[in-house]
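Note sheet for the following structure.
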Amino acid sequence: MIVGITIGAIAEAFSMADEAGVDLHKLRSALTGGFADSAILQKHGERMIERNFEPGGKVVTQRKDLYQALEFSEGELGLELPFSRLALELYEELIEMGGGDLDHSALIKIYEEE
């Protein structure tokens, strides 16, 4: 859940920054050491910038993990998780676009498709 949602947050921030003309290498560097920094920002943020979506963790696996977490949370605990639900829907959208076998950092591609 944490990885999938965090990749989504980075994808959105990078998409917005890119649309505004911000150099994504500089953005990633500026975030280093602050509260937004993480291994996910460093590794997957770099993959997004470099457009390297060779799978480490596949989109289909991320979808499976989110689905299982939601099934347990909602089904067994009766607890709704709206961020996880939205993340699942976004990964499903990427799969529908043909990106299921890409690295989950490819989530940024949903913001680029018109």
Side-chain angles (χ1 to χ4, degrees):
M1 292 165 47
I2 294 169
V3 171
I5 292 169
T6 303
I7 287 173
I10 294 167
E12 286 192 0
F14 277 20
S15 294
M16 181 180 68
D18 189 50
E19 189 69 25
V22 174
D23 180 317
L24 296 181
H25 286 287
K26 289 181 180 178
L27 174 61
R28 191 171 141 275
S29 179
L31 295 172
T32 299
F35 286 130
D37 197 6
S38 67
I40 297 169
L41 172 67
Q42 295 307 316
K43 183 172 187 169
H44 295 295
E46 184 67 21
R47 287 178 177 202
M48 290 177 195
I49 294 168
E50 298 299 326
R51 315 303 293 165
N52 176 10
F53 303 127
E54 184 175 323
K58 290 184 178 182
V59 172
V60 292
T61 304
Q62 185 66 68
R63 176 190 58 184
K64 173 196 63 78
D65 292 348
L66 287 164
Y67 177 81
Q68 288 177 336
L70 285 162
E71 186 175 59
F72 174 70
S73 177
E74 294 172 355
E76 299 293 321
L77 304 176
L79 178 64
E80 291 186 30
L81 303 174
F83 283 120
S84 295
R85 172 68 53 202
L86 177 57
L88 174 63
E89 291 170 7
L90 295 173
Y91 286 103
E92 287 176 338
E93 182 178 335
L94 182 54
I95 290 167
E96 289 174 15
M97 293 169 47
D101 287 332
L102 299 175
D103 185 82
H104 45 185
S105 61
L107 188 64
I108 196 168
K109 293 171 74 62
I110 66 166
Y111 298 98
E112 299 165 350
E113 300 295 323
E114 301 274 329

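Note that the structure is a prediction, hence the values are computed from the model and not measured.
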- Query: Going by the side chain to side chain donor-acceptor pair (under 3.5 Å) test, which pairs reach into residues 75-102, not counting sequence neighbours?
  - Reply: E74-R85
Side chains of [X] and [Y], heavy atoms from C-beta outward: is any pair under 4.5 Å?
{"X": "M48", "Y": "K109", "result": "no"}
{"X": "L66", "Y": "Q62", "result": "yes"}
{"X": "L70", "Y": "M1", "result": "no"}

- Residues at least two apart in sequence or cross-chain that pass side-chain hydrogen bond (donor to acceptor under 3.5 Å, both in side chains) with R28, listed by chain then number, are Q42, E46
- Query: Who are the side-chain hydrogen bond (donor to acceptor under 3.5 Å, both in side chains) partners of E12, not counting sequence neighbours?
  - Reply: Y111
- Message: How long is the straight-line distance from CD1 of I49 back to CZ of F14, given to the nearest 0.5 Å?
- Response: 4.5 Å
- Message: So, taking the atom named CG in L102 and the one named CE in M97, what distance separates them when rounded to the nearest 0.5 Å?
- Response: 9.5 Å
- Should side-chain heavy atoms under 4.5 Å link Ile, Leu, Val, Met, Phe, Trp and Tyr, which residues sit in the same cluster as F83? I5
Heavy-atom pair of closest approach, residues [X] and [Y]:
{"X": "S105", "Y": "N52", "value": "OG-O, 4.3 Å"}
{"X": "L31", "Y": "D37", "value": "O-CB, 3.4 Å"}
{"X": "I108", "Y": "S15", "value": "CG1-OG, 3.4 Å"}
{"X": "A17", "Y": "L24", "value": "CB-CD2, 3.9 Å"}
{"X": "I2", "Y": "I40", "value": "O-CD1, 4.4 Å"}

- Look at the side-chain heavy atoms of Ile, Leu, Val, Met, Phe, Trp and Tyr, link any pair under 4.5 Å apart, and say whether M16 and L107 land in one connected group. no
- residues 31-72 vs ring-ring contact (aromatic ring centres under 6.0 Å, His included), sequence neighbours excluded, gives H44-H104
- Query: Counting N and O atoms only, with roles assigned by atom type, does the side chain of S73 sit under 3.5 Å from a partner on the main chain of A69, one being a donor and the other an acceptor?
  - Reply: no
- List for me each residue that meets salt bridge (Lys or Arg N to Asp or Glu O under 4.0 Å) alongside D103, sequence neighbours excluded, and say none if there are none. R47
